[in-house]
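Below is one structure, written out as structure tokens; comments come after it.
One-based numbering, in listed order, for ligands and for the atoms of each. Quick note: residue numbers are just sequence positions, from 1. Values below: all heavy atoms of this structure, side chains included; hydrogens, waters and symmetry mates excluded.
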Amino acid sequence: MSSHLEGATASNPRFAPPMDFAAQAVAGREIQEQASADRLAFWEKQSRDLLHWDTPFTRVLDWSTPPFARWFDDGELNVAYNCLDRHVEAGNGDRIALHFEGEPGDSRSLTYAELTSEVKRVANVLEGLGVGPGDRVAIYLPMIPEAIASLLAVARLGAIHSVVFGGFSADSLRARIDDAGAKVVITADGGYRKGRASALKPAVDQALADRGNGEQGTVEHVLVVRRTGQEVEWNAGRDVWWHDVVPAEPATHEARAFPAENPLFILYTSGTTGKPKGILHTSGGYLTQAAFTHKNVFDLRPENDVYWCSADIGWITGHSYVVYGPLANGATQVIYEGTPDHPEPGRWWDVVEKYGVTIFYTAPTAVRSFMKQGRSIPQSRDLSSLRLLGSVGEPINPEAWKWFRDVIGAGVTPIVDTWWQTETGAIMISALPGITDLKPGSAQVPIPGISVAVVDETGEPVARGDGGLLVATEPWPSMLRGIWGDPERFVETYWKMFADRGYYFAGDGARLDEDGDVWLLGRVDDVMNVSGHRLSTAEIESALVAHPATAEAAVVGANDETTGQAVVAFVILKESYLKENTAEGLAGELRGWVGEQIGPIARPRDVYIVGELPKTRSGKIMRRLLRDVAEGREVGDTQTLADTSVMSVITAQVR
Ligand code: WTA
């Protein structure tokens, strides 16, 4: 049983690992000691122990041309072989790899042997469609087993996948397909969400439609999974049904070894400008850290555990902790297609009970929405199989942390609050559940082999208790290797700030407490975090000004009880539109418009129609002041405004 620790106070409680948990934990103190004794020797050992190398590497890290790192670079491996075939060859072919639960209630379980065969068939199909090493394949699918098979089939061929979240619009999809120069798109007719069949194929058709400017897209084929059975338009010659071609292929396919630094995937994420960045990850280092963290942070015992990460494969969490980490470790996991509250609010807890989930990894925003629905819903299910909970995406506030542990974790399960980013590829800061005394609200300690610091703008460490900027002070195996097609932006965004010291700048504010534990304080740039998803203010602003009624727009992230932050837009309309429409009508239209342009996650919670925006003398919008208004606070210092009366006008217009 756990206990409160000595020295902990009511406002700063700490929870020791349950004794029986600590006694059997996968990660003990020795890995911390090994890592601090020799960081590179530590990663070398992890990589050799956790992965199969066809050609073992002799070099661990080449950091001779920072910030371009090369890890294990003379080694060769096949990522898909590591996630599949080797488990079958080791006699674990009958172990379940995936328990799939569809939203309408259909379910399927695939063993490692079955998933391996499926991936081999898909790899054969993709080869037949002309996909080879280095080619890009865009994946736009719901959370179904075919999605996971698709990523692995692309990886098996040494090609590069670019997964686009199924909630993104045709425009967002097109921008990502174009930027990556994808040759093939894998999609489905649709997927189930909120009790409805929601179409995907039309967005692909629209994204690939003739541009009317004579420009040829790069996509040659579209492989289409039938999931919902809804009507689709068909482009003969380009489109291929999955069920026509995949089962017809033999389940044999030789996995070729590729160099450790062979690109594995591109994943687009929001930055401070309107254009999403294609974060590039490679193979050997990425897989090493994904597997290491999945095993040690989640205390994984692949023979016994049933692991469930609720993230969609459209996000980095789905890549590292649904696909690569768990499968490299031979875990049994649950994947769930739909929304948490369909057909009723207890759906997730039914899934936990049905499969006997032991390890559950989710986002604070989900925890907060369950809190709102009340504890009687989870309490009417048997959740006694759970032994470890995890959180990712944004800081988990202590109330939500405690509720999660008390109501979902029977008051005893450890919670690992994991800090990391699309760019870091895998977990960087987290408790290790068998050895760390947990502190609700703090992500706590860098994992073994990772070095972080909280510094001021000159790179000097700040005093304990003071806020500063979070940096990684040493390269790490799963670090991004670049931004697709834009090496300058890569250097500029992450490395220029502390170029003299070679630190990676994460874009997050943080502070260290008296014990040296890390507390995340949110983004320090114009990136918002809505329900754990990254959105850029600039991207939403450019969508808003693309509407004919908009003259000017400013977007801020305002605190929100459920989603962490919410998108709040301030819009100046063109005179002519205001004459013909009501402000409320246009505000509603603009909300919908942003949803169509980018995707429903970007839809503003509030659109305020205003007459002016607060600007400095040099014309920069002061978002800080708009955030004060959006959060209902007294407006802060307005001295640097060109016109100091603007804020009272805006405040009056908003109220
Ligand atoms: C935030 C998601 C506090 C942070 C894996 C980071 C967190 C951004 C945490 C990355 C956490 C993620 N505590 N903040 N445990 N985890 N963040 O790229 O601001 O979608 O920079 O990766 O989410 O979001 P991304």
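- Shown in contact with Asn529 at under 4.0 Å from a heavy atom are these atoms of ligand 1, numbered in order with element: 1 (C), 23 (O).
- Taking a 4.0 Å cut-off on heavy atoms, Gly507 fails to register as neighbouring ligand 1.
- In summary, of the residues considered (Phe165, Tyr324, Phe265), a ring pair (Phe, Tyr, Trp, His ring centres under 6.0 Å) with His319 occurs for Phe265 alone.
- Using a 4.0 Å cutoff on heavy atoms, Trp315 does not count as a contact of ligand 1.
- Counting atoms of ligand 1 from 1 in the listed order, those under 4.0 Å from a heavy atom of Leu520 are 3 (C).
- Asp517 pairs in a salt bridge (Lys or Arg N to Asp or Glu O under 4.0 Å) with only one of the listed residues (Arg14, Arg511, Lys439), which is Lys439.
- Atom CG in Asp560 sits 8.0 Å away from atom OG1 in Thr365 (nearest 0.5 Å).
- For Ser270, the side chain to side chain donor-acceptor pair (under 3.5 Å) test picks out Glu539, with sequence neighbours left out.
- Residues Asp456 and Thr458 bring a donor and an acceptor atom of their side chains to less than 3.5 Å of each other.
- Tested against Tyr504 for a ring pair (Phe, Tyr, Trp, His ring centres under 6.0 Å), the candidates Trp476, Phe490, Phe498 yield a single pass: Trp476.
- The protein heavy-atom contact nearest to atom 18 (O) of ligand 1 is Thr422 OG1, 2.5 Å.
- At distances below 3.5 Å, at least one donor-acceptor pair connects side-chain atoms of Asn296 with backbone N or O atoms of Phe292.
- At least one N or O atom of Arg523, backbone or side chain, sits closer than 3.5 Å to an N or O atom of ligand 1.
- For ligand 1, the polar-atom distance check finds an N/O of Asp508 within less than 3.5 Å of one of the ligand's N/O atoms.
- For atom 20 (O) of ligand 1, the closest heavy atom belonging to the protein is Arg534 CD, 3.6 Å.
- Below 4.0 Å from some heavy atom of Val392 lie the following atoms of ligand 1, by number and element: 5 (C).
- Between the side chains of Ser320 and Tyr286, a donor-acceptor pair is found at a separation under 3.5 Å.
- The shortest N or O to N or O distance between Glu423 and ligand 1 is not below 3.5 Å.
- Residue Thr418 has at least one heavy-atom neighbour below 4.0 Å for each of these atoms of ligand 1: 9 (C), 11 (C), 15 (N), 16 (N).
- No donor-acceptor distance shorter than 3.5 angstrom exists from the side chain of Thr422 to the backbone of Thr269, with no hydrogens or angles considered.
- The nearest heavy-atom contact from the protein to atom 5 (C) of ligand 1 is Trp420 CE2, 3.5 Å.
- Using 4.0 Å as the threshold, Pro395 has a heavy atom nearer than that to some atom of ligand 1.
- Residue nearest to atom 17 (N) of ligand 1, selected from Ala443, Ala506, Gly393: Gly393 (by heavy-atom distance).
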